[in-house]
Structure formats: C-alpha cells, structure tokens
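Along the sequence shown, the residues carry numbers beginning at 1. Note that the structure is predicted; figures quoted are calculated from it, not measured.
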Amino acid sequence: MCSVKDEWHRRKRRVELPGGRPIAFVDSGGSGPPLLLLHGYSDTGRSFAALEPFLAGYRLIIPDLPGHGESALGDGMRVSDFAASIDGFRAFLRISKFAVIGHSMGAMTAIELAARRRDDVIALVLMSASLRPDFGSRSPLSRGIRALRDPIDPAGHFLRDWYSCSRPVEPDFLSKMKRDAAAMPAAVWHGILEGFAETDLRRSAMRVTAPVLCIGGSADPLFGTPHREALAQAFPSVRSITLDGYGHNPHWEDPQRVSALMLSFLAEARMV
C-alpha cells in the first residue's frame with residue numbers, strides 16, 4: 001500500500017503488532033497528556049495535519065488505521081476489528097489514561113475502544129460520527145463504492161465528490177487526501193462498506209463512561225440530523241455541538257474553531 005511520499009509520510013514511525021502486521025503512525029512527541037487521533041474511512045493520519053498546531057500542548061498519536069495508508073490490513077474490516085487493532089497498538093506503546101479524538105469511521109472506532117477500555121479513556125471527542133452507519137445497499141454512494149476498481153483514479157469523479165467540502169479547504173491538502181485514498185485497494189473499500197451495514201454501536205455507547213463531545217456539521221451529507229440526535233442520547237455523559245453550514249469534515253473546514261471546542265472540552269475533562 002502506498003500513499004503520498006511527503007513530509008507527513010516521512011514523519012511516520014512503524015510498529016509491528018502480533019503476527020508481524022505493521023501499524024504506521026505519527027507521534028508528535030509533545031510533553032502533555034496523550035491524545036489518540038483516529039481518522040475516517042479511506043483517509044490516513046494526514047486527516048489531522050491541520051489540527052496538529054492547535055493541539056501542540058498534547059502528545060498526539062496519529063495512526064493510519066488498518067488497511068489505510070502505510071498500515072497493514074488486520075483480520076477483518078469491521079469497526080470492531082479496527083478497535084481491536086488500535087487497542088493492541090495502544091498497548092504496544094504502553095499508553096494509558098488518554099483521550100481519543102475520532103472522525104467519521106475513526107469516531108466509531110473510538111466508541112468501541114472507549115467501551116472496551118473504560119478505565120483508560122478519559123475523554124472522547126467524536127466528529128461526524130454515527131452509531132449505525134449503513135449507507136443503504138441501493139444508495140448512489142454504495143453503488144459508487146462497489147463500482148470502484150483498481151487502480152482508483154485520484155482525479156476521478158468519485159473521489160472528487162467523496163472529498164467535497166461545505167467550506168473552502170486548501171486544494172493541495174485535498175489533492176494529497178485523494179491520492180492517499182486512491183492508494184487503498186478497491187477490495188478494502190468494498191469490505192469496509194459491507195462492515196458498515198452490520199455495524200450497530202448503541203450497546204457499546206451505553207458502556208462508555210468517559211465524557212463525550214460530539215461535533216457535527218449541519219450540512220453533513222453522510223450523517224445528518226438523525227445520526228446526531230441518536231448520538232446525543234446514546235452516552236451517559238454527552239455534549240452535542242452542531243456547526244451551522246459545516247459538512248462532514250469540520251476539522252478541515254475550520255481547524256481553529258474545531259480545535260478550540262476540543263481544547264475547552266478536554267480542559268473540563270482535566271486532560272491538561
């Protein structure tokens with residue numbers, strides 16, 4: 001699996017989980033408490049590059065999820081499989097007492113991880129999340145994903161629409177995200193889509209004991225109002241913020257505003 005070879009790529013480190021599976025990650029090396037940042041479907045850790053300067057007081061640990069970027073695919077492509085791999089990665093690095101920031105599929109993975117590690121996850125930030133992410137087998141989006149074949153064209157219509165944003169985002173960044181996504185094999189795209197149809201995180205959410213901040217955009221084309229309302233009722237301790245006019249990627253559209261919301265929440269959770 002290959003992604004864009006640039007400064008972000010050169011910063012990546014690698015560890016091998018049991019079975020020899022590599023997980024690639026960026027570690028900011030900050031002196032503050034650890035934040036584990038989990039990206040979305042088809043993305044890589046690069047997704048959080050614009051947030052990094054605003055979260056400099058923390059130690060940011062930003063992996064490529066299995067099957068994405070430079071991380072090898074694990075035993076499965078369900079959210080639960082990703083959570084198991086990231087839990088093993090966390091244990092390998094001996095990380096405890098940490099907060100998790102997740103975007104989209106990464107937020108789903110974060111819910112599952114927080115349900116498994118209730119004594120370690122201190123706070124949970126979920127961006128553009130869903131408890132039941134089934135896109136519908138006959139939806140145009142599902143048909144488009146199933147139609148993907150290798151090699152995927154990073155300049156093609158599908159990735160152009162997939163990475164459309166509601167507010168301006170730096171074009172070079174989006175170009176790199178598209179190239180990273182195009183490097184992910186079509187079979188992985190298909191497998192994750194199938195896993196979404198079977199994903200239901202409502203029970204896992206009930207087991208989360210950490211305080212939760214949900215951030216969503218009012219113009220999110222993937223997970224709209226019903227998803228946000230379900231999240232707002234799912235956790236024992238939750239705060240929900242909807243950003244008017246923002247889409248599925250608010251941390252790209254306005255990293256300064258989104259990071260300010262995160263920092264205020266993390267301070268209240270005593271992650272300082």
Side-chain angles (χ1 to χ4, degrees), residues 1 38-44 47 63-69 71-87 100 102-116 124 126-150 152 156-164 177-178 180-208 212 214 216-217 219-235 247-249:
M1 185 170 297
L38 305 178
H39 64 76
Y41 182 17
S42 83
D43 294 341
T44 67
S47 176
D64 292 343
L65 291 177
H68 297 68
S71 293
L73 190 62
D75 295 329
M77 290 180 271
R78 275 42 175 181
V79 166
S80 57
D81 299 317
F82 294 138
S85 291
I86 294 303
D87 192 24
V100 189
H103 171 240
S104 193
M105 186 181 76
M108 303 172 213
T109 303
I111 293 169
E112 184 66 28
L113 180 62
R116 296 178 182 213
L124 195 58
L126 308 176
M127 292 186 292
S128 307
S130 175
L131 298 172
R132 303 175 72 185
D134 184 7
F135 295 149
S137 63
R138 297 184 179 181
S139 71
L141 177 58
S142 293
R143 293 199 301 268
I145 293 172
R146 288 197 301 268
L148 291 172
R149 297 292 183 270
D150 298 321
I152 297 171
H157 290 295
F158 177 81
L159 287 182
R160 180 197 64 193
D161 294 342
W162 182 250
Y163 281 105
S164 64
M177 294 298 296
K178 292 173 188 176
D180 283 344
M184 190 170 82
V188 179
W189 281 88
H190 302 160
I192 293 173
L193 177 67
E194 292 175 6
F196 278 179
E198 302 172 4
T199 297
D200 185 341
L201 296 171
R202 289 176 293 180
R203 289 187 178 181
S204 293
M206 292 175 62
R207 298 184 65 243
V208 172
V212 179
C214 295
D220 187 339
L222 294 183
F223 303 135
T225 300
H227 295 268
R228 293 194 299 274
E229 290 178 346
L231 287 161
Q233 300 172 12
F235 302 94
H248 188 65
N249 307 299

Checklist entry - Got M77 and E194 here, is their nearest side-chain heavy-atom distance under 4.5 Å? => result no
Next on the checklist: So, using ring-ring contact (aromatic ring centres under 6.0 Å, His included) as the criterion, who are the partners of H39 when residues are at least two apart?
Outcome noted: H68
Next on the checklist: Considering only residues two or more places apart or on different chains, which pairs with a residue in residues 129-141 satisfy salt bridge (charged side-chain N to carboxylate O under 4.0 Å, His left out)?
Outcome noted: R132-D200
Checklist entry - Is there side-chain contact between I86 and P63, with at least one heavy-atom pair below 4.5 Å? => result yes
Next on the checklist: I want to check something: taking the side chain as every heavy atom from C-beta on, are D220 and H227 in contact at a cut-off of under 4.5 Å?
Outcome noted: no
Checklist entry - Do the non-hydrogen side-chain atoms of L65 and L38 ever get within less than 4.5 Å of each other? => result yes
Item to check | Full working for side-chain contact (heavy atoms from CB on, under 4.5 Å) between T109 and V100 | outcome: CA-CA 10 Å; T109 303; V100 189; over 6 Å; no
Item to check | D75 atom CG: more than 12 heavy-atom contacts under 6.0 Å | outcome: no
Item to check | Derivation and outcome, side-chain contact (heavy atoms from CB on, under 4.5 Å), residues Y41 and M108 | outcome: CA-CA 10 Å; Y41 182 17; M108 303 172 213; over 6 Å; no
Checklist entry - With a 4.5 Å heavy-atom cut-off, do D161 and L141 have their side chains touching? => result no
Checklist entry - How far apart are the closest heavy atoms of L231 and C214, and which atoms are they? => result CB-SG, 4.0 Å
Item to check | S42: side-chain hydrogen bond (donor to acceptor under 3.5 Å, both in side chains) partners, not counting sequence neighbours | outcome: W162, Y163
Checklist entry - What heavy-atom pair brings L126 and A110 nearest, and what distance separates the two atoms? => result CD2-CB, 4.1 Å
Next on the checklist: Contact between S104 and H248 at the side-chain level, heavy atoms closer than 4.5 Å - yes or no?
Outcome noted: yes
Next on the checklist: Are L131 and I111 packed together at the side-chain level, in the sense that at least one heavy-atom pair is separated by less than 4.5 angstrom?
Outcome noted: yes
Checklist outcome for this item: Those residues at least two apart in sequence (or on a different chain) that pass side-chain contact (heavy atoms from CB on, under 4.5 Å) with T225 are R228, E229
Checklist entry - Which residues satisfy the side-chain hydrogen bond (donor to acceptor under 3.5 Å, both in side chains) test with S164, sequence neighbours excluded? => result none
Next on the checklist: For a 4.5 angstrom cut-off between non-hydrogen side-chain atoms, does F158 reach I152?
Outcome noted: no
Next on the checklist: When you measure from the side chain of D150 to the backbone of A186, do you find a donor-acceptor pair of N or O atoms at a distance under 3.5 Å?
Outcome noted: yes
Checklist entry - Ignoring hydrogens and geometry, is there a side-chain-to-backbone donor-acceptor pair from S142 to G136 under 3.5 Å? => result yes
Next on the checklist: Whether the S204 and E112 side chains hold a donor-acceptor pair (N or O, under 3.5 Å, no angle test) is what I'd like checked.
Outcome noted: yes
Checklist entry - Can you list the residues that meet the ring-ring contact (aromatic ring centres under 6.0 Å, His included) rule with F235, with sequence neighbours excluded? => result none
Checklist entry - Between I145 and I192, does a side-chain contact (heavy atoms from CB on, under 4.5 Å) hold up when you go through it step by step? => result CA-CA 10 Å; I145 293 172; I192 293 173; over 6 Å; no
